[in-house]
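Below: one structure, written as structure tokens.
Residues take their numbers from the sequence shown, with the count starting at 1. Remember, it's 1-based here, ligands and their atoms both numbered in the order they're listed.
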Amino acid sequence: MKPIPDVNERIARISAHLQPPKSQMEEGSVLRRANCRAKGGAPGFRVAILGAAGGIGQPLAMLMKMNPLVSVLHLYDVVNAPGVTADISHMDTGAVVRGFLGQQQLEAALTGMDLVIIPAGVPRKPGMTRDDLFKINAGIVKTLCEGIAKCCPRAIVNLISNPVNSTVPIAAEVFKKAGTYDPKRLLGVTMLDVVRANTFVAEVLGLDPRDVDVPVVGGHAGVTILPLLSQVKPPSSFTQEEINYLTDRIQNGGTEVVEAKAGAGSATLSMAYAAVKFADACLRGLRGDAGVVECAFVSSQVTELPFFATKVRLGRTGVEEVYSLGPLNEYERIGLEKAKKELAGSIEKGVSFIRS
Ligand SMILES: NC(=O)c1ccc[n+]([C@@H]2O[C@H](COP(=O)([O-])OP(=O)(O)OC[C@H]3O[C@@H](n4cnc5c(N)ncnc54)[C@H](O)[C@@H]3O)[C@@H](O)[C@H]2O)c1
Ligand SMILES: O=C(O)C[C@H](O)C(=O)O
């Protein structure tokens with residue numbers, strides 16, 4: 001009897017025809033593949049998830065395997081990647097799945113990727129702030145971004161690991177050091193704040209959440225999460241009591257889940273949903289779809305801070321336009337000042353982690 005090849009070997013054989021020529025991994029490859037795709041020729045984009053065996057990583061991997069824009073899905077983790085890969089690879093959807101375990105396989109996981117999604121790192125427990133995760137997650141994000149700079153410097157990066165307000169500046173500094181920084185390609189994922197805001201506002205208004213659009217700006221921690229309720233679509237008015245309730249619930253949505261999970265981690269399922277919604281928007285932008293607009297924490301000139309979350313337009317090169325805040329009411333202006341004060345410190349902490 002012939003020996004049975006391992007999962008990666010079998011997947012590698014099946015998918016050998018999907019490997020793009022080396023030249024396609026360079027600049028312009030995204031455009032060429034997207035153009036092919038529009039004609040029904042090539043099968044889609046190459047996506048890596050770093051931290052794929054985690055609470056977010058697993059459902060995120062499952063949902064990305066279901067995304068028709070994805071042709072190749074690389075699942076990297078320092079533990080359990082083979083099991084998750086074997087499991088996800090049995091789904092009868094188009095994307096070919098490959099698993100990568102441990103630091104020595106990081107480069108293989110990253111080579112040729114169009115989009116890298118990073119949910120690697122430790123989550124909060126009750127009583128902790130997101131900043132309490134800095135000590136561990138800063139180093140993890142640094143190492144992973146060094147790999148990206150080396151192996152897929154043109155990839156779009158979706159950074160989920162907390163504290164996002166500091167990990168995005170860390171990633172930017174790593175890329176600057178490597179000479180590969182493109183601010184249009186680095187995005188901190190704040191989509192869960194928008195998802196929550198849409199849900200909670202819809203509850204108050206008695207609407208279907210799918211019909212509600214709440215811009216959430218600033219950053220991704222406590223008072224830096226600033227919902228702009230004056231700009232809700234469809235246009236709506238709220239009592240001051242509703243504004244206080246909604247702002248507080250949106251700002252503390254993460255803590256609500258951390259406390260409910262009572263030590264077993266933070267939001268994973270709603271986060272995987274939000275991450276896929278955001279990644280799908282990035283892929284549609286890469287494909288060349290018009291009018292793809294989402295909120296994200298990006299390099300920005302909207303305020304005096306170097307990074308800020310606002311609505312951005314996503315396109316073939318990543319963030320193609322960063323929208324301004326629009327008209328704010330007095331309540332939101334006060335919230336903005338508080339958000340900026342806290343954000344400034346978190347951004348500086350991330351920058352100094354790499355520079356000093
Ligand atoms: N941006 C957001 O809105 C948002 C929402 C929820 C959670 N998060 C953050 O996402 C992160 C992950 O949360 P989780 O619940 O999935 O945690 P988890 O502990 O369940 O999973 C994290 C995974 O990362 C892996 N990992 C650790 N070090 C790694 C490394 N060096 N390289 C690759 N993988 C590594 C772990 O093995 C684990 O599988 C946390 O920092 C959490 O705070 C962010
Ligand atoms: O709250 C957390 O620690 C996780 C995440 O940032 C969230 O908003 O759910």
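F353 has its ring centre less than 6.0 Å from the ring centre of F134.
Contact atoms of ligand 2 toward A267: 9 (O) (distance under 4.0 Å to a heavy atom of the residue). Less than 4.0 angstrom separates some heavy atom of G254 from each of these atoms of ligand 2: 1 (O), 7 (C), 8 (O), 9 (O). The ligand atoms of ligand 2 that sit less than 4.0 angstrom from a heavy atom of L192 are 7 (C), 9 (O).
Assignment of N162 to the shell around ligand 2 is supported, since a heavy atom sits closer than 4.0 Å. Ligand 1 has A267 within reach: a non-hydrogen atom of the residue lies less than 4.0 Å from it. Contact annotation: T143 has no heavy atom less than 4.0 Å from any atom of ligand 1. No heavy atom of M271 sits closer than 4.0 Å to any atom of ligand 2.
Among protein heavy atoms, the minimum distance from atom 34 (N) of ligand 1 is reached at A120 CB, 3.5 Å. Looking only at heavy atoms of the protein, atom 44 (C) of ligand 1 is closest to I160 O, 3.0 Å. The protein non-hydrogen atom at the shortest distance from atom 40 (C) of ligand 1 is V122 O, 3.2 Å. The closest protein non-hydrogen atom to atom 22 (C) of ligand 1 is G121 O, 3.1 Å. From the protein, the heavy atom lying nearest to atom 18 (P) of ligand 1 is G55 N, 3.8 Å. In terms of protein heavy atoms, atom 33 (C) of ligand 1 is closest to Y76 CE2, 3.5 Å. For atom 37 (O) of ligand 1, the closest non-hydrogen atom on the protein side is D77 OD1, 2.6 Å. With hydrogens left out, the protein atom closest to atom 5 (C) of ligand 1 is M271 SD, 3.1 Å, a heavy atom. The closest protein non-hydrogen atom to atom 6 (O) of ligand 2 is H220 NE2, 2.5 Å.
Nearest-residue assignment for atom 43 (O) of ligand 1 (options I56, N162, I118; heavy-atom criterion): N162. Across the listed options E259, R124, R196, R196 owns the non-hydrogen atom lying nearest to atom 9 (O) of ligand 2. Comparing V84, N137, V257, I140 by heavy-atom distance to atom 28 (N) of ligand 1, the nearest is I140. For atom 21 (O) of ligand 1, the nearest non-hydrogen atom from the set G54, A275, A221 belongs to G54.
Ligand 1 has a nitrogen or oxygen under 3.5 angstrom from a nitrogen or oxygen of V189. Of the N or O atoms in V164, none lie within a sub-3.5 Å distance of an N or O in ligand 1. In terms of polar-atom proximity, T255 is not counted as a contact of ligand 2, lacking any N or O under 3.5 Å from an N or O of the ligand. For the pair P123 and ligand 1, the shortest N or O to N or O distance does not fall below 3.5 Å.
Checked for salt-bridge contact, D114 and R185 miss the test: no charged N lies under 4.0 Å from a carboxylate O. Comment: K349 engages D131 in a salt bridge, judged by a side-chain N to carboxylate O separation of less than 4.0 angstrom. Comment: R249 engages E256 in a salt bridge, judged by a side-chain N to carboxylate O separation of less than 4.0 angstrom. We find that K150 and E107 are joined by a salt bridge, their nearest charged nitrogen and carboxylate oxygen being less than 4.0 Å apart. Salt bridge absent: K142 and E173 never bring a charged side-chain N and a carboxylate O closer than 4.0 Å. Salt bridge R287/D289: present, at least one basic N to carboxylate O contact under 4.0 Å.
Annotation for Y273: atom OH does not count as buried by contact number, only 12 or fewer foreign heavy atoms lying within 6.0 Å. Sparse packing is recorded around CD of Q301, with 12 or fewer heavy atoms of other residues, nucleotides or ligands lying under 6.0 Å away.
Donor-acceptor pairing under 3.5 Å is recorded for the side chains of D280 and N67. No hydrogens or angles considered: nothing links the side chains of R130 and S166 as a donor-acceptor pair under 3.5 Å. For the residue pair E203 and T199, no side-chain donor N or O sits within less than 3.5 Å of a side-chain acceptor on the partner.
Ring geometry for H74 versus F100: interplanar angle of 30 to 60°, hence tilted.
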